[in-house]
Amino acid sequence: MRLKQWVALSLLAIATSHVAAEAIVKQSGPARTPTAAPPGTTKIYSTLNTDLTNVYDYGWGPAILGPLWHMQGVPGTRGPQQHFAVPFKAKSNISVTQVIVPLSQDSVKDASTLLISINADAKGLPGEAIYTWQDMPIQNTLNADNTARQCCTYVAPSAAAGEVPLVEGKKYWIVVATTPKSRVTAMWYFNSRGLTGTDAYLDGGGVWQSQTEVLLPAVGVYGVPTE
């Protein structure tokens, strides 16, 4: 059973912040979420469902919490921060061109405090961030009952920052986190395929810990081969 699985929040987001890179950001509702590699790219890792009506499990997933968050409507209350990460391995030398993360959050004004990053591995836990995306806008779409849905975030390296090279056989992490003074409460949706494996969480203690045999969040990582 997941030790740090907070799913009570109705809304959701990536990683340890080092140097934040400029990002090209696109967003879309789940019906338009790509489930295969975008044209001209190779799938590096994905837990997204190929069923366009069920791309991810909307409605629950690990909570992403900034260190200064408080319970809605209860000023002064505060809980521990929480960040999550999913590992993957590069099967070849390849450069990342796009990362897709189904997530939502409760406050547009705190959007700039959410971070998505690709991190190196540090003895089985997320290590230093290789590339970080920040200032990702939130797009509202509508559910069948006309209630608001906030999803999804597509991030791609900016031309100025260059590509994000990965080395064959090495382990990396997709991390969803917040800045040190963030008040955000967000959620990273689970995959809808029932895929389980290892993930990692960072809570109020400020130390990454791993979990095994847990339901994984939904994520897709794509790129182009390098020599």
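- In this structure, the separation between CD1 on Ile118 and OG1 on Thr132 is 9.0 Å, given to the nearest 0.5 Å.
- Residues Leu48 and Leu195 are members of separate hydrophobic clusters, defined by side-chain heavy-atom contacts under 4.5 angstrom among Ile, Leu, Val, Met, Phe, Trp and Tyr.
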Review point. Between Val219 and Phe88, does a side chain to side chain contact (heavy atoms under 4.5 Å, CB included) hold up when you go through it step by step?
Key: CA-CA 11 Å; Val219 62; Phe88 68 97; over 6 Å; no

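- Residues Tyr45 and Leu103 share a single hydrophobic cluster, defined by chaining ILVMFWY side chains whose heavy atoms lie under 4.5 Å apart.
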Point to revise | Check against side chain to side chain contact (heavy atoms under 4.5 Å, CB included), Val184 and Leu65 | key: CA-CA 6 Å; Val184 75; Leu65 307 173; over 6 Å; no

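- When all heavy atoms of Ser210 and Leu125 are compared, the pair lying nearest together is N-CD2, 3.7 Å.
- Summarising the geometry, atom CD1 belonging to Ile100 is positioned 7.5 Å from atom OG belonging to Ser46; distances are rounded to the nearest 0.5 Å.
- Distance alone, capped at 3.5 Å, is enough to place a donor-acceptor pair between the Tyr172 side chain and the Val167 backbone.
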Review point. Are Gln82 and Asp203 close enough, and set up right, to give a side-chain hydrogen bond (donor to acceptor under 3.5 Å, both in side chains), and what steps lead you there?
Key: CA-CA 4 Å; Gln82 184 162 281; Asp203 61 12; over 6 Å; no

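- Side-chain contact between Asn49 and Asn191 is absent, with no heavy-atom pair separated by less than 4.5 Å.
- Under the 3.5 Å distance criterion, the side-chain polar atoms of Asp57 are left unmatched by any main-chain donor or acceptor of Trp60.
- The one candidate from Ile94, Ile44, Thr47 that meets the side-chain contact (heavy atoms from CB on, under 4.5 Å) condition with Val221 is Ile44.
- Taking all atoms of both residues into account, the shortest heavy-atom contact from Gly206 to Gln81 is CA-NE2, 4.3 Å.
- To the nearest 0.5 Å, the span separating CD on Gln98 from NZ on Lys43 amounts to 14.0 Å.
- Distance CZ/Arg193 to CG/Leu215: 11.5 Å, rounded to 0.5 Å.
- Nearest heavy-atom pair, Gly223 versus Thr97, reported as atom, atom and distance to 0.1 Å: CA-OG1, 3.5 Å.
- Note that the CG atom of Asp199 and the OG1 atom of Thr212 stand 9.5 Å from one another [nearest 0.5 Å].
- Going from atom NE2 of His83 over to atom CD1 of Ile64 covers 7.5 Å, rounded to the nearest 0.5 Å.
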Practice item. Check the pair Val214, Thr196 against side chain to side chain contact (heavy atoms under 4.5 Å, CB included), reporting the backbone distance first and the verdict last. Key: CA-CA 5 Å; Val214 293; Thr196 59; over 6 Å; no

Check your understanding: Can you list the steps and then say if Val207 with Leu202 is a side chain to side chain contact (heavy atoms under 4.5 Å, CB included)?
Key -> CA-CA 6 Å; Val207 178; Leu202 182 151; over 6 Å; no

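- Not counting sequence neighbours, the partners of Lys171 by the side-chain contact (heavy atoms from CB on, under 4.5 Å) test are Pro87, Asp121, Trp173.
- For Thr226, the side-chain contact (heavy atoms from CB on, under 4.5 Å) test picks out Asn93, Ser95, with sequence neighbours left out.
- The minimum heavy-atom distance linking Phe84 with Trp188 is given by the pair O-CZ3, 3.7 Å.
- Residues Thr198 and Leu216 share a closest heavy-atom pair of O-CD2, 3.5 Å.
- Aromatic pair Trp208/Tyr201: centroids not less than 6.0 angstrom apart.
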Exercise for review: Test Thr113 against Ser182 for side-chain hydrogen bond (donor to acceptor under 3.5 Å, both in side chains), laying out the working first.
Suggested key: CA-CA 5 Å; Thr113 69; Ser182 175; 2.7 Å; yes

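- Closest of all the heavy-atom pairs between Gly127 and Ala122 is CA-CB, 3.7 Å.
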